[in-house]
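Only one structure is covered here, and it is reproduced in the block below.
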There are 4 protein chains.
Amino acid sequence: MNHENKQQAVRSMLKKLSQVKREEGGLKSFVMRSIRLDGSEEEILEEMAQWFLAVRDLSKQGALPSRFSLSEFIPVFCRIAEDKNIGADRFFSGVLEKMVLESEEVLRGAPKPSTKDKILDAALDVFSEKGFHLATVDEIAERAGVGKGTLYRYFANKETLFNELVQLRLDELEKSAMAILDGEDDVLTMITKYLRVYFEFFDQNQRLYRLIVQEGLDVGDQVQDLYFKKVMRRIPLLKRKIYGARQQGLLKDVDFHTVFYGVMGFMHGVIQKWLARDCSYSLVEELPGVVEVLFYGFVNTSKFVESQN
Amino acid sequence: MNHENKQQAVRSMLKKLSQVKREEGGLKSFVMRSIRLDGSEEEILEEMAQWFLAVRDLSKQGALPSRFSLSEFIPVFCRIAEDKNIGADRFFSGVLEKMVLESEEVLRGAPKPSTKDKILDAALDVFSEKGFHLATVDEIAERAGVGKGTLYRYFANKETLFNELVQLRLDELEKSAMAILDGEDDVLTMITKYLRVYFEFFDQNQRLYRLIVQEGLDVGDQVQDLYFKKVMRRIPLLKRKIYGARQQGLLKDVDFHTVFYGVMGFMHGVIQKWLARDCSYSLVEELPGVVEVLFYGFVNTSKFVESQN
Amino acid sequence: MNHENKQQAVRSMLKKLSQVKREEGGLKSFVMRSIRLDGSEEEILEEMAQWFLAVRDLSKQGALPSRFSLSEFIPVFCRIAEDKNIGADRFFSGVLEKMVLESEEVLRGAPKPSTKDKILDAALDVFSEKGFHLATVDEIAERAGVGKGTLYRYFANKETLFNELVQLRLDELEKSAMAILDGEDDVLTMITKYLRVYFEFFDQNQRLYRLIVQEGLDVGDQVQDLYFKKVMRRIPLLKRKIYGARQQGLLKDVDFHTVFYGVMGFMHGVIQKWLARDCSYSLVEELPGVVEVLFYGFVNTSKFVESQN
Amino acid sequence: MNHENKQQAVRSMLKKLSQVKREEGGLKSFVMRSIRLDGSEEEILEEMAQWFLAVRDLSKQGALPSRFSLSEFIPVFCRIAEDKNIGADRFFSGVLEKMVLESEEVLRGAPKPSTKDKILDAALDVFSEKGFHLATVDEIAERAGVGKGTLYRYFANKETLFNELVQLRLDELEKSAMAILDGEDDVLTMITKYLRVYFEFFDQNQRLYRLIVQEGLDVGDQVQDLYFKKVMRRIPLLKRKIYGARQQGLLKDVDFHTVFYGVMGFMHGVIQKWLARDCSYSLVEELPGVVEVLFYGFVNTSKFVESQN
DNA sequence: AATGAATGAGTTTTCATTCAT
DNA sequence: AATGAATGAAAACTCATTCAT
C-alpha cells in the first residue's frame with residue numbers, strides 16, 4: 001500500500017539517520033560534497049530534498065558508516081540557505097515540501113522492508129556488535145524502529161530471534177553449497193568451488209561470522225548444532241566423491257574427518273585474519289593461496305616436481 | 001640441612017616468590033608487614049624472615065639501587081638474637097628455615113587444595129559448561145563448596161575470575177610454545193613441535209578450549225586479545241625463521257599471515273572434531289595426519305596425476 | 001477556537017515546551033521523530049505538529065540561524081493537505097490543535113499522579129524516615145506501588161533518585177529566595193523576608209529538612225554542596241547590600257560570613273526545635289522572636305543595665 | 001610489658017606509615033629535610049634510625065598528613081646510602097639494627113595505647129572521613145592495626161563502636177559544660193563561657209563534629225538523642241538562671257527554647273563556616289563576634305545607646 | 001586473647017517478557 | 001497490529017559478623 005510504503009521508508013530512514021552522531025564529522029563532510037548548489041532557488045530546494053532522500057538510500061545500502069538524524073541536517077540546510085540568501089525558514093519549508101513530494105515518488109518503486117526484515121537487520125547489527133548476551137532486546141527494537149512488543153509479535157523470544165536470524169542466512173549458504181556438491185565437477189574443482197562459496201558468503205555477511213561461529217555455543221547449543229549440521233548434512237555426498245578420488249590415488253589416505261574439520265578450520269583461520277584486518281580486502285582474494293596450501297602444502301617441493309605452481 | 005641445601009632452597013624460594021607478584025597485593029602485603037620484635041621466639045624468627053624477603057624482593061624488582069645479600073644481614077640478625085636471648089646460631093638458621101618454609105607454603109604448598117584452587121576448579125567446570133554469561137557466581141561458589149563472599153575474597157569480580165582462570169593456563173601454553181620458538185630446530189621440526197605442544201596442551205585441558213577460543217570475545221575483548229596476543233608475540237621470531245626457510249626455497253611463497261592463521265585454524269578444526277568425538281582419543285594422535293596435510297597437502301602428487309590445475 | 005486563541009495557545013505551549021528540556025531526551029525524542037505521511041488523517045496531523053514543534057524548538061535553542069514563524073509553514077501544510085486530500089483549512093487547524101494538545105498532555109497533564117510522582121513521593125517518605133543508606137529501593141518501589149524495574153525506568157539509580165528529589169524542591173526554595181534578594185527592599189526587610197521564605201518552605205516541606213540538611217554529606221557530597229552552593233550563589237548580592245548598610249552605620253561591623261553562617265544556623269536551630277515538637281505549630285510563628293533576637297540580641301538593653309560587660 | 005610495648009609501637013607505626021601514598025610527595029619532601037647527614041657512618045645510621053622512629057611519633061601526634069610505609073623509606077635510605085658511599089645493604093641492615101635497639105629505648109617511656117584506644121582512634125578516623133554507613137569495619141580494624149575479630153572483642157558491633165566513640169567524647173564536653181552551669185557566674189558570663197567551652201571542644205575534636213551532628217540520625221536515633229539529651233539535661237539549671245535574669249529585666253522575654261535552639265544553631269553555623277575554611281583558624285576566635293551578635297544583635301543601635309560596644 | 005578466612009543475608013541493578021491501551 | 005510502560009525474577013556484589021585456630 002502506498003501510504004504504508006512511504007511511512008516505512010521515511011521512518012526507517014530517519015530512524016537510521018538518528019544515530020550518526022557518534023561518527024563525528026562523518027556526516028557533515030559527506031553532506032557538503034556532491035550537492036550542486038547553483039541554479040535557481042527552486043532547483044536548490046529540489047537538490048537538497050533529493051539529496052536528503054538519496055542519503056536514505058545510501059544508508060540503507062550500508063554505504064554510509066551509520067545513521068543520520070533530521071536534526072543533523074537542519075544546520076546544514078540553514079547554512080546553505082544563508083549562503084544562498086534564501087530565508088532560512090522559507091528554505092526549510094521548501095525543502096520539506098519537496099521531500100514530501102519526492103518521497104512519494106521514490107517510494108513507489110522501493111520494495112518496503114517488512115517489519116520482520118527490519119527487526120532481523122537490526123538484530124544482526126546488535127548481535128554482531130555485542131554478542132548474544134550483551135545485546136538487549138530494547139536496543140534491537142529501537143534500531144529496528146519498532147516497538148518492543150512488535151518484536152515479540154514476530155519472534156517468540158530473544159533466542160528464537162537469534163536462531164532464526166542465523167538459520168535464515170545459513171540456509172542461503174547451504175543452498176549454494178548444495179548446488180556445488182550436487183554438481184558433476186571433479187573433487188578438487190568441487191572443493192575449490194566450495195571454499196569460494198564460503199568466502200563469498202562471509203564476504204557478503206561479514207558481521208554474521210562471529211554470530212555463527214563464536215556465539216553459537218551459548219544459545220542453547222542449537223545454533224552450533226545448526227551450523228555444523230547444515231554443513232555436515234551434505235558430507236556423505238562429498239565423502240563418496242572423495243573416497244572415489246582416493247581410490248584413484250588422487251587424494252592422500254588421511255582420515256577424512258580430520259581433513260574436513262581441518263580444512264574448515266583453515267578457512268576459519270583465514271577469516272579470522274581477514275576480520276583482524278577489518279575486512280579491508282575481499283576474502284575471495286585469499287582463495288588461491290588457501291587452495292595451494294591445502295592441496296599441496298606449504299612446503300616447497302618444486303625442486304623436484306615442476307607441474308605445480 | 002647443610003649449607004648448600006639452604007642456598008639451594010633460598011634460591012628456589014626467591015625465584016618462586018618472584019612469581020607471586022601477579023597475585024595483587026601478594027607481595028605488597030609482605031612488604032607492608034611490620035617487624036614484630038616481641039612475642040615468642042618462633043614469631044620473631046617468622047617476622048625477620050618475612051621482613052628480609054620483602055627487602056630482597058624490592059631489590060629484585062629493581063626498586064632498590066643495589067642488591068642485598070643475605071650475609072649482610074647476618075650481623076643484624078645476630079644483634080637481634082643476642083638481644084632476644086636466642087642463640088645467634090639457632091636464630092640464624094631459624095630465620096633461614098622460616099624463609100624456606102614460607103615460600104614452600106605459599107608456592108608449592110597445596111597439600112589440601114587451597115580455597116582459591118577450589119574456586120578456580122569450580123569456575124572451570126561451570127564456565128566451560130555454560131559459558132561466561134550463563135555461568136553464575138552463585139553456582140561457582142556452590143560447586144567450589146565455599147560461600148559467595150569467599151569467592152569475592154579471592155577474585156574482584158566474575159570477569160577477573162574468568163580472566164585469571166584462562167590467563168593462568170594460557171601462560172603455561174605460552175611458555176611451552178616459547179621454548180620451542182626459541183629453540184634451534186629447523187623450521188619444519190619447529191612447526192611440528194609447536195603443533196604437538198598445542199595438541200598436548202588441549203589434551204590436558206579439554207574443557208578449557210571453549211573458554212579460551214570461544215568465549216573470548218565477550219569478556220571485554222580481553223581474553224581473545226590475550227590469546228592471540230600471546231600467540232602472536234612470538235611471531236616475529238617464527239617469521240624470521242620462515243622467511244629464512246623461504247629464501248632457501250624450503251617453503252612456498254604464500255602470504256605468511258594467511259598460512260599462519262590458516263594453520264592455527266586447521267589445528268582448531270581438528271580440535272573441534274576431537275571435541276565432537278567427546279575427546280575420546282588423544283589429540284596428539286592427529287599430529288601425523290595434520291603435519292602431512294599442512295606440509296604437503298592432501299592431494300596425492302606422487303603419481304603425476306594430470307587432472308589437476 | 002478563534003485565531004487569537006490559537007496564537008495564545010501556541011505561545012503558551014511553546015513556553016511550556018521549553019521547560020521540558022530537563023527531562024532528558026524529552027525534547028530530543030521529539031526532534032528525532034520522523035515524518036509519517038501515511039496513515040490516517042489524524043496521524044498525519046499529529047506527525048506534522050510534532051515535526052514542526054521540533055524545528056521550532058531547535059530554532060529557539062539558537063541552533064538555527066533564524067527563527068521560524070508558523071506562517072512560513074502554512075504553504076507546506078497546505079500542499080500536504082492537498083496531497084492527502086484533507087481540506088487545507090481543516091488540516092491546518094488540526095495541526096495547530098495537535099500542537100496545543102501535545103503540550104498540554106506532556107506538561108500540564110497530571111490528572112492522576114504520574115508514576116514518577118508516585119515514586120518521588122514514596123522516596124521522600126522512605127528517605128526521610130530512614131535516611132539515604134537505610135532506605136532500600138525495594139521499599140520505595142513498594143510504597144510507590146510500582147515494580148522495582150519501573151523505578152529504574154525513571155531514575156538511573158538510588159542516588160539519582162535522591163538527588164533529583166532534593167534538587168527539585170531546592171529549586172523552588174532557591175527561586176523564592178532569589179526573588180527576595182533581587183528585590184529593592186532595605187536590608188533588614190530583606191533579611192526578614194528571607195527568613196520568612198525559609199520558614200514557609202520548611203513548613204511546607206517538613207520531611208524534606210533532614211534529607212537536605214542532614215543527609216547531604218554522604219551522597220557524594222553533591223547535595224550538601226548543592227544546598228550550600230545554591231544558597232551561597234546569591235550571597236554577593238546580599239553582601240553588597242549589607243556592606244552598604246554597614247557603611248551607613250546600620251549594621252555592626254562583624255565578619256559577614258560569621259554572621260551569615262550564624263544566622264542560617266540560628267534558623268536551623270529553630271527548625272530543630274520545631275521538629276522536636278513534631279511540627280505541631282507553624283514555623284512562621286517563630287519569625288518575630290527570631291528577628292528580634294538576631295537583630296537586637298537577647299539581652300534587654302532598654303533599661304541601661306550595668307551588670308553587663 | 002616490654003615486648004608488647006615494642007611490638008605495638010612498631011606495628012602501629014608501620015601500619016600508620018602504610019597509607020601515605022595518597023598524599024604524594026608529602027612524605028618524600030618531608031623525609032629529606034631535617035636530617036643531619038654528616039658525621040661518621042655510625043652517626044648517620046643512628047640519625048636515620050632515630051629519624052625514622054621520630055616520624056612515627058609525629059605521625060601519632062597527628063602532625064603528619066597521613067601514614068607511612070616502610071617500603072616508602074627504603075628508596076630514601078638507599079639514596080642516602082649511595083650518597084654517603086655506604087653499601088646500601090650494610091646501610092640498610094645498620095639502620096634496621098639501630099631501629100630495633102632504639103625502639104626499645106623510646107618505647108619504654110611511651111604510654112602504650114591500649115587496643116581499645118587504637119580502635120577508637122581508627123574509628124574516629126574512618127567514620128569522620130566516610131560517615132557511618134560508608135565506613136567499613138575492615139578499614140577500621142586495619143587502620144587500628146588489629147584483627148577484625150579483635151575489634152569485636154571490644155565492641156559488640158559497628159553501631160556500638162560508633163556510639164561508644166561519640167559518647168566518650170561527649171562525656172568530656174558534658175563535664176566541662178556542667179562545671180560552668182554549676183558555677184556561680186551571672187547569666188551572660190555563663191553563656192559566654194558555655195559557648196567558649198563548645199568552641200574549644202570542637203577546636204580540639206574537629207573530626208568529631210560531623211559524626212555527632214551530621215551522622216547522628218541514622219544510627220538508630222541513639223546518638224542524636226544522646227547529643228541533645230546530654231546537652232539538654234542541664235537545661236533546667238540554665239533555665240532557672242535565665243528566668244531569674246529575665247525577671248530582673250536583663251534578658252528579653254523571648255521563648256526560652258526558641259532562643260536556646262537558635263543559639264545552639266548559631267554556634268553550629270559558625271562551626272560550619274570554620275569547617276568550610278578547613279579549620280584553618282581557631283574556632284575560639286569567633287567567640288567575641290558570636291557573643292556580640294547573640295547578645296546585642298547585628299543591627300547597630302549605637303547611635304542612640306553608648307554603653308555598648 | 002587475637003586473628004582473619006569464611007559466610008550469606010541483604011542490596012542494588014538489569015532486562016526479557018507481558019499486557020493494557 | 002503495534003506499542004512501550006510496567007514488571008519481578010535473577011544476577012552481581014558488599015560487608016557486618018562469626019568462629020576455628
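- Figure legend. F:dA20 is base-paired to E:dT3; pairs are counted as Watson-Crick or G-U wobble with both atom distances under 3.5 Å.
- Counting only heavy atoms from C-beta on, B:D138 has its side chain closest to F:dA12 among F:dA16, E:dA16, F:dA12.
- Taking 4.0 angstrom as the limit, B:T115 places a side-chain polar atom (N or O) nearer than this to OP1 or OP2 of E:dA6.
- When the nucleotides F:dC13, E:dT17, E:dT12 are ranked by their closest atom to the side chain of C:V137, E:dT12 comes out on top.
- Following rounding to the nearest Å, C:N157 (CG) and E:dT11 (P) show an atom-to-atom distance of 17 Å.
- The separation between C:K116 atom NZ and F:dA6 atom P is 12 Å, rounded to whole Å.
- Base pairing analysis places F:dG8 opposite E:dC15; the two distances defining the Watson-Crick or G-U wobble pair are each below 3.5 Å.
- Judged by distance alone, the side chains of D:N163 and D:T160 never bring a donor and an acceptor atom under 3.5 Å apart.
- When heavy atoms are screened at a 4.0 angstrom cut-off, A:T150 is found touching base atoms of the nucleic acid.
- Across all strands shown, A:A156 has no heavy atoms under 4.0 Å from either base or sugar-phosphate atoms.
- The residue among B:G149 and C:R153 whose nearest nucleotide of DNA chain F lies closer to the 5′ end is C:R153.
- The nucleotide whose nearest atom lies closest to any side-chain atom of A:Y152 is, among E:dT3, E:dT17, F:dT3, E:dT17.
- Residues A:L120 and A:L161 are in side-chain contact: their nearest non-hydrogen atoms beyond the backbone lie under 4.5 Å apart.
- Under the 4.0 Å criterion applied to side-chain N and carboxylate O atoms, A:E139 and A:K130 are assigned as salt-bridge partners.
- With distances taken from any side-chain atom of D:K148 to the nucleotides F:dA9, E:dG4, F:dG4, the minimum falls on E:dG4.
- Of the candidates E:dT7, F:dT3, F:dC15, F:dC15 carries the atom nearest the D:T136 side chain, counting heavy atoms from C-beta on.
- Rounded to an integer number of Å, the gap from CZ of A:F132 to P of E:dT14 is 19 Å.
- Among the heavy atoms of the strands lying under 4.0 Å from A:A135 are primed sugar atoms or P, OP1, OP2 only; no base atom is included.
- Counting any heavy atom pair closer than 4.0 Å across all strands shown, A:F155 reaches no nucleic acid atom.
- Relative ring orientation between C:F127 and C:F132 is described as parallel, the plane-to-plane angle staying below 30° on a 0-90° scale split at 30° and 60°.
- A:T115 is listed as a side-chain neighbour of A:I119, based on a closest heavy-atom distance under 4.5 Å.
- One can place CG of C:L151 at 16 Å from P of E:dC15, the figure rounded to the nearest angstrom.
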